[in-house]
Structures are given as structure tokens and as C-alpha cells.
Amino acid sequence: MSAADKHAPLPKAAKAKRPQFFDDPGTDHLVSMFLELASEVWVLRERLQALEDVAEDKGVILEKELEAYAPSPERAAALAADRQAFIERVTFVLNREPPESAGGD
Amino acid sequence: MEELIRHPMRMRANRDERARQNFVTGLRAFVLNDMATGMRRVYEGRVEPQFESSHGRKPADGEEVHQAMKPEPYFRFYSSMRYNAQEMVWRSILPILERERDDVRDRSRELSAEAEREGARLELDDHLETPRNVTAVDVHLMPGNYHGEFGDGDVSMGALYDHGLAVFSFGMMGSNLDDIGRSVAGYVKGRYPDFQPQRILDLGCTIGHNTVPWAKEYPDAEVHAIDVGAPGLRYGHARARANGVGIHFHQMNATTLDFDDDSFDVVFSSMFLHELPKKDIRKVLAEAYRVLRPGGLMIHMELPPNNQMSAYDGFYLDWDCWYNNEPYYKPFRDLDTRKVCAEAGFDPERYVQFVIPSREGYGEDTFQASVSRDQEVGRDTTGRLAAGVQWFTFGAWK
């Protein structure tokens, strides 16, 4: 029954006026994108390390296997969708909803 | 995979989501420890000497330091990275919350019902008006803020705050986010061993994460916690049960408490007063005085006041006021804490102020050894999340 309880979507951004720290607002946006990108790179590195550790535990030498690997069509399509979501996250700041009302200053 | 939250209200993150949270936590630790140290060097090495040579004196207060720092690239990168990290904290939780919110709500209901059966009440007041200081801005840039309701019996904002705080605080608030409560309650117990409170009240408790340790430190006491935000109270009621204690949660405004005169032995708050306009701070302190029994203790964990720190330290702490949607942060820190307690009715002779080392951060031995020793505000780790954090507290005996 609880799944039938109504709910509204959660807000994605805070009610706040985003401060500008640099003379050119583009620089502020670049910092945001840089940090999102760095975050995604880190996510990959954690995943890769886990992958290598699990594979090694199972006796698979990954380097050789990876060179010979080709994705299936399903995998390739899924990767393409993931890639778009990735780009959206990295460029989040450009698509951020405009603040509803100016809080802060 | 190491869990972000250690109690049963946790949401299940996948590996990538957990890695994203790890990154944000690491980024915040880097900005607030390493970059904060670098920024101080820039100030002391160049900005302050330049100010001195052009003005014939050092900057008088935090605002003058702020103006002198604004053109500095280091300050700009520190600020923009810190601001982005703050936004990323919430974004590292939101997709998980969207997916898990029904499940969290159901678990919260179950735990809450168990708590009720065991005698711990949850009293919500649909007619309570949410004060303007809460509705005006999303404090800490948390989308939806503490009071946001997005469905029937919603606990989303409670879950968002609990998990977000764990990403945000890089361990500095304790592994169960309860270090402030554990440190203050443990300090009071150690310093005043004959003081045995029977009724304890926590004001502006949000999800009750710092109320829980009071119930653990004083297991015979009846513990109450209030807040204006229903989602946090629902979540907090369940969270307290998940942490093995029963606490009574009430939706109530701290400026007009619905409790009898002389009915509590301890009135506590943590990181609460600086969210209020000055007129409300005065009302809260007067209410604390009213509900305390003679011989009771009011004790607030707060940011250290500006009049007890250097211009640079004032600038550093006031960053939140300028850039983190904390409009009342600086006005609070400009108050004279002893004076406002006296104005609320407390005897100035019975004012107390403690700088308490983080119990988890320093370890139990160092913590217990500190109980009998007074420390002054001044170390640059007081009241800020950094390695070696110390909690500033003030209050008074009635």
C-alpha cells in the first residue's frame, strides 16, 4: 500500500543565488565542470581497481584479456546511454535550473 | 564496500555512487584542510603586509580581510571549489534517494511504530507555521531544505541530511555523526559528576543525531527533542530507535516552547542558534531559562564568537555566511554570548563556556583528561571541521 502513497519529485538544486568568484562567469562554470569530471575519473579508478582485484582473485590476467575484448551490440548501446548521462553530469552547471527566487545575497 | 551510514536507516548505494561520495568527501577534506592552510599562507605572506603598507594598520575585522582577499586567485579557487563541493554533497545522495525513498519511508514507519510501542512519542503539529528564516533559503544549499515535504509521511529531507552530512563531514562529526552530542554530554557528565539530569531537551534537533548520545550518557533520563521540520522528526524518531534509544520528538518552535516552567534539567542545542535571526535567539534563550528548573544547565554547542578570535579567523568562519546560504551565521558570531545569556535572565556569574576536544577525534583518554581543564578559544581548529576539531560551547546554570 505504501508504494501507492503520493509523492512529488525532489528538487535537484538548492534555492540560492550562485555566487560568481571569478571576473568571467565562464571561469566559475569551468571549475564546476572540472570538478565533476575529476569526480567521474575517480569513480572509474575505484571501479577499475575493484575489477582488477576481483579478476586476479579468480586467476584472470586482465591485460591480455582486455586487448582481445570487443563489446556486444547490447553492451555498446548501454555504454552509449551511460556516456550521455556522463556528459550531462559533467556539464551539470550549464543546465542547472535557474534559481526560483534569489536567496542569499 | 564501506558503508556511509552505520545504522539501519541507511540507503543502498551502488559502487559508482559510493565512489562519487568518496570523491566529494576527499575533495572537501582537501579544500578545508590543505587549501585552507594555503590560503592562510597567501594572506599572511602577501595580502596582510600589502594591506598594512597601504592602510598603516592591519585589517580590523573579518569583512576587511574578505575585501582584501576577494581579488586573490587562491581565494577564488578555494571558494569556488568549496561551493561546488557543497553542491556535490547533495548531488551524491539525490539519485540514491530518488530510487530508495519509498523504502526509506517504509522502514522509517516501522521503526517509528516500534518506538511508539516502547513509549517514545512522535508528536507532529500540522498547524505549526514554518518560520521565515527556514523557508527563505535552502540552508547549506540542501535542495528542499529541512522542512521540505514531497509526499505523505515524507522522510526524504531527513534521509538526505543524514547521508549528506556523512559525506560532508569527512569523519569530523564522528562515525555516527554524533560527536558533538557525545563530546558535550560526556564533558558535562565528567565535569559535574553529581549532576544527574532527569529531563533533557534538545532544541532544533533536525534528525536527532546529537540527541541520541544524551540518551546514552544518561540512560535514566527522559529525553525530548524539538524541531520545526516534520520530515527530519519522522526520520529522527526512527533513527533514534535504530540506534537503540527512545527519544520523544515534537514538532515545535524553540521560540515558543510548549513545555511547563521549571520542567527540564538540561536544555541543549548544537549548531542551531546560528540559523536564527538575533531576535529569535533572544527568545530561545529566554524560553530555555523559563523551562529550566533552578539548578538546571543550558548548554549550546556553537561557532565561536568573533570577539574571541582574530580578524582572519573571523573571515574564515564567515565564509559560510557569504557563500553557503547561512545569512545568520555572522550576526550570531557578532553577539556577546555572556551578555545575551544575562539578557535572557541568567545570572552572569553562572555563565559557562567550554572548548571541548572532539571525543572521537582525540580519543577517550585525551578527552577525559580535558574535562577538568579550561581551554580558551584561539586554536584555529575551534568550531571548524579540520583535523583536531574542538567544539565551542556556552550556556549558564539557572
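Quick note on labels: first sequence line is chain A, next is B, and so on, each numbered from 1. A quick note: this is a predicted structure, and the numbers were derived from the prediction, not measured.
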(message) Could you measure the distance from the CG atom of B/D16 to the CH2 atom of A/W42? Nearest 0.5 Å is fine.
(response) 13.0 Å

(request) Go through the atoms of A/Q20 and report whether side chain, backbone, both or neither lie under 4.5 Å from a heavy atom of chain B. (result) neither

(message) Can you give me the closest heavy-atom contact between A/A8 and B/R101, atom names plus distance?
(response) O-NH1, 2.8 Å

(request) Check for a donor-acceptor pair, side chain of B/R76 on one end and backbone N or O of A/F21 on the other, with a separation under 3.5 Å. (result) yes

(request) Give the minimum heavy-atom separation between A/V43 and B/A19, together with the two atoms involved. (result) CA-CB, 3.8 Å

(request) Please report the shortest heavy-atom distance between B/F23 and A/L35, naming the atom on each side. (result) CE2-O, 3.7 Å

(request) Check whether B/S156 gets within reach of chain A through its side chain, its backbone, both or neither, counting any heavy atom under 4.5 Å. (result) side chain

(request) Let me know if B/M81 has heavy atoms under 4.5 Å from chain A in its side chain, its backbone, both or neither. (result) both

(request) Apply side chain to side chain contact (heavy atoms under 4.5 Å, CB included) to A/R89 and B/R20, showing your working. (result) CA-CA 12 Å; A/R89 275 202 300 278; B/R20 211 165 277 130; 3.1 Å; yes

(message) In the structure I gave you, are the side-chain heavy atoms of B/Y83 and A/P19 within less than 4.5 Å of one another anywhere?
(response) yes

(request) Return the minimal non-hydrogen interatomic distance between A/L10 and B/M157, and the atom names on each side. (result) CD2-CE, 4.0 Å

(message) Given heavy-atom pairs under 4.5 angstrom as the criterion, report whether the side chain, backbone, both or neither of B/L160 touches chain A.
(response) neither

(message) Do the side chains of B/R18 and A/E46 get close enough for a salt bridge, i.e. N-O under 4.0 angstrom?
(response) no

(request) Check whether any side-chain heavy atom of B/R91 lies under 4.5 Å from a side-chain heavy atom of A/K12, and answer yes or no. (result) no

(request) State whether the side chain of A/K15 and the backbone N or O of B/T135 hold a donor-acceptor pair below 3.5 Å, judged by distance alone. (result) yes

